[in-house]
Amino acid sequence: MKNYKRYTVTSALPYANGPIHIGHLAGVYVPADIYCRYLRLRGRDVIFIGGSDEHGVPITIKARTEGVSPQQIVDRYHEMIKKSFENFGISFDIYSRTTHKIHYDTASEFFKKLHDKGDFIEKITEQYYDEEVKQFLADRYITGICPYCGNENAYGDQCEKCGTSLSATDLINPKSTLSGSKPVRKETKHWFLPLDNYEHWLRQWILEEHKEWKTNVYGQCKSWLDQGLQPRAVSRDLDWGVPVPLHDAEGKVLYVWFDAPIGYISATKELFENPKSQIPPCLPAGRNPKSDNWELYWKDKETRLVHFIGKDNIVFHCIIFPTMLKAEGSYILPDNVPANEFLNLEGDKISTSRNWAVWLHEYLAEFPGKQDVLRYALTANAPETKDNDFTWADFQARNNNELVAILGNFVNRAMVLTHKYFNGEVPELREETSYEKLIYEESNKIKKNIEHSLENYRFREALKEAMDLARLGNKYLADTEPWKVFERDPERVKTILNVALQISANLSTLIEPFLPFTAEKLRNILNIDKISWEQAAEVNPLKEGHLLNKPELLFNKIEDEAIKTQIDKLFATKKTNELVGAISNPQKPDVSYEDFSKMDIRVGVILTAEKVAKTKKLLKLTIDTGIDKRTVVSGIAEYYKPEEIIGKRVVILVNLQPREIKGIKSQGMILMAENADGSLCFVSPEKDFRNGSEIK
RNA sequence: GGCGUGGUAGCUCAGCUGGUUAGAGCACAUGAUUCAUAAUCAUGAGGUCGGCGGUUCAAGCCCGCCUCACGCUACCA
């Protein structure tokens, strides 16, 4: 493996429209923090970059619905996120935000350079424009009638009623949500990054030169590359974001996915502009940027750039951003992108909108002083290779059976025994037996194992290995039984407790990346300063006669009630969600009888049914409508098997404009009832009426 | 439908280029022990390695088909 002089570590910029939850932590921030703390402990030159991603359409929508400005929204969440990260001990060198001026300048400059080099292609397309407020409308800002299900309030990108993804130009009677006026189509120009031109290079760079990337990352990249890349728009018509830095670009901003990763660069610049004021309180003293030149961290070949992200970000960090960097020309490329999978909560997907999450700020308030317990539980069960499940029962078990019983207990045993026999002074090391030599060897081996695991982004494994040192300590005490030996051979006990305390001191270093608060507490108990990684498990850090502080428990048991409270809270959320789901959609506006009577709805019967090839949802049906026998394509394959529904009596809208679907002309629409969960069922006449009977 | 990733002990996961009786942690059982937050230590039980078929002297690992989970993508009344 190449030896790098310095490290630039980034963690995905959280989107500033909501707080941080355990999914973000387990997937991105905890592993990134462990990695950086480890590197710092080893004295490596490293910067750890974070910040809020504050642009994009969802924030403008949230602002609009709350009747405040986008800036107010992002201010609120940025502060909240920043504070909870600090409290949780995520040791960013800087936690910046994409609304800072330095970011606007950096992103503009970046865009401008690519533009001037002719790296973009320009395309003119037609989009809706609101003449009243003189603005192009993002798809989300347009509502209208869904052409498929008739929902009156479909959004321009998606109909939330039937789940269909739409293009704004599909909507019937489009309406601007800004002014309520009818938008007009207008030509607009946008800039596209021609990813397809970089395909060959990307294939070589990823598929040939980075075979060591995690299989999920590598596989996802290969999938994208094999499907072929398309030019990607890097600008939007919007008034919230970094303005496109060109003369003819009024009302246009950089697409949030273009500007966000540049945020890593602008945050780095900001860090070096004013390093002193930026030191967050949670940063350990031995903080590390060893140069004062930000460019070294982004442009020097001897810098290792690592992006910690969740799996939803793979394409941006492995394909798009590297292409941007490559096109710009002066930047280095990521050496690795250790993307994690997702964390579920008690068996269900974490969901911000459904409030199905453990929110960091709430955890910190409800479990004060227990940052490390969550860090431990999330690391031990990190979704490194597949989606994992967080349960409160597991959280409790990790604390009680591992942190308390193995780590906390070992340290406490060594401390209590030393106070009991030697008044809290580190006793002298007398004659060492082969067992003590074995302990030294094993300790050193454990350290090497942790190093190897961490260098390869295997945090779960590394944590387990760190705990092995506490296990070793417990075993050592059980085997040597100092409480028995003391009566007949106190000299031997001196050696035993000396060694047990050395193990504790080494633990304070080896657990530091994972459990920084506990490491600090342990050092206080032992009354020692930080021990460097290089020294840990190499020399005995404690001097004979060194006075220890009073024993203090590193962890306390978490009782069932505390866990029950959390589970009850989630249960209440679930109940609320069910109630919300049970509320029927409000009645649509009145229609005239005339409008209704335009629809020709008939009783029909299904004659044949077959799956449409290469689709998941579609069945091709032949219906006897009483008028004729016709073909209808229906999206019900997830709920009905073709053979089950032949002969089924159904209700069909026969005069719906025919539409070609997957090359099949569909004449009409089968009426279905939809349940709250989106499942569908047929609507049939109660009696055996003849085909072609009209429904009125 | 296509592509990707995963399906190994009750739970969470290791298993390198195929090679002796498939491993670890937690949970469980038994024993030891009492310095310690009834914590610890030892031993043990527990697996047709998602299913079926194939290649091979030999497959958890290779190939084919199927199935389930998650993601991307297509198509979608």
* Per-nucleotide protein contact string for nucleotides 29-36 of chain B (B base, S sugar-phosphate only, - none; heavy atom under 4.0 Å) -> ----SSBB

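The distance between atom CG of A:Leu378 and atom P of B:U12, rounded to the nearest whole Å, is 16 Å. In this structure, A:Asp479 atom CG and B:C41 atom C1' are separated by 7 Å, rounded to whole Å. For the pair A:Lys475 NZ and B:G25 C1', the computed distance is 16 Å after rounding to whole Å. Whole-Å rounding puts the A:Asp560 CG to B:U37 P distance at 20 Å. Separating the CD1 atom of A:Ile606 from the C1' atom of B:A77 is a distance of 13 Å, rounded to the nearest angstrom. Across the protein-nucleic acid pair, A:Asn399 atom CG and B:C26 atom C1' stand 14 Å apart, rounded to whole Å. Put simply, CG on A:Leu207 is 12 Å from P on B:G4, counting in whole angstrom units. Atom NZ of A:Lys349 is separated from atom P of B:C70 by 6 Å (rounded to the nearest Å).
The listed nucleotides are B:U37, B:C26, B:C76; the one nearest the side chain of A:Lys617 is B:C76. The side chain of A:Ile661 lies closest to B:C76 when the candidates are B:G71, B:C41, B:C76. Distance from the side chain of A:Glu461 is smallest to B:A14 among B:A14, B:G25, B:C72. With B:C41, B:A77, B:C3 as the candidates, the nucleotide lying closest to the side chain of A:Leu656 is B:A77.
In this structure, the ring of A:Tyr476 has its center no less than 6.0 angstrom from the ring center of A:Phe410.
The C1' atoms of B:U5 and B:C41 are separated by 40 Å, rounded to the nearest whole Å. On the P atoms, B:C70 is 25 Å away from B:G64, given to the nearest whole Å.
Residue-level contact check: A:Glu402 touches the backbone only, with heavy atoms under 4.0 Å from sugar-phosphate atoms and none from bases. Residue A:Leu554 is classed as a base contact, given a heavy-atom separation below 4.0 Å to a base. Nucleic acid contact class of A:Gln227 (heavy atoms, under 4.0 Å, all strands): base. Residue contacts shown for A:Ala397 are absent, as no nucleic acid heavy atom lies under 4.0 Å away. Residue A:Gly219 is in sugar-phosphate contact alone, with no base atom involved, counting any heavy-atom pair closer than 4.0 Å across all strands shown. A:Lys557 comes within contact range of at least one nucleobase, with a heavy-atom separation under 4.0 Å.
The neighbour count for A:Glu208 CD, taken as heavy atoms of other residues, nucleotides or ligands under 6.0 Å away, is above 12. Residue-environment remark: NZ (A:Lys550) stays at or below the threshold of 12 foreign heavy atoms within 6.0 Å.
Comparing A:Ile406 and A:Gln220 along RNA chain B, the residue whose closest nucleotide (by nearest heavy atom) sits nearer the 5' end is A:Gln220.
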* To do: Determine, stepwise, if the pair A:Gln502 / A:Asn506 fulfils side-chain hydrogen bond (donor to acceptor under 3.5 Å, both in side chains).
  => CA-CA 6 Å; A:Gln502 305 294 356; A:Asn506 286 328; 5.9 Å; no

* Asked: Run the salt bridge (Lys or Arg N to Asp or Glu O under 4.0 Å) check on A:Glu455 and A:Lys448 step by step: do they pass?
  -> CA-CA 11 Å; A:Glu455 303 274 0; A:Lys448 291 283 180 291; over 6 Å; no

* **Residue pair A:Asn474, A:Arg413: steps toward the side-chain hydrogen bond (donor to acceptor under 3.5 Å, both in side chains) verdict** => CA-CA 9 Å; A:Asn474 275 319; A:Arg413 295 171 82 185; 2.9 Å; yes

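Judged by distance alone, the side chains of A:Glu341 and A:Asn216 do bring a donor and an acceptor atom under 3.5 Å apart.
Consecutive Watson-Crick or G-U pairing (both distances under 3.5 Å) extending over three or more pairs maps onto RNA chain B as B:1-7 with B:67-73, B:10-13 with B:23-26, B:28-32 with B:40-44, B:50-54 with B:62-66.
Taking the six-membered ring for Trp and thresholds of 30 and 60 degrees, A:Tyr457 and A:Phe308 have ring planes more than 60 degrees apart, a perpendicular arrangement.
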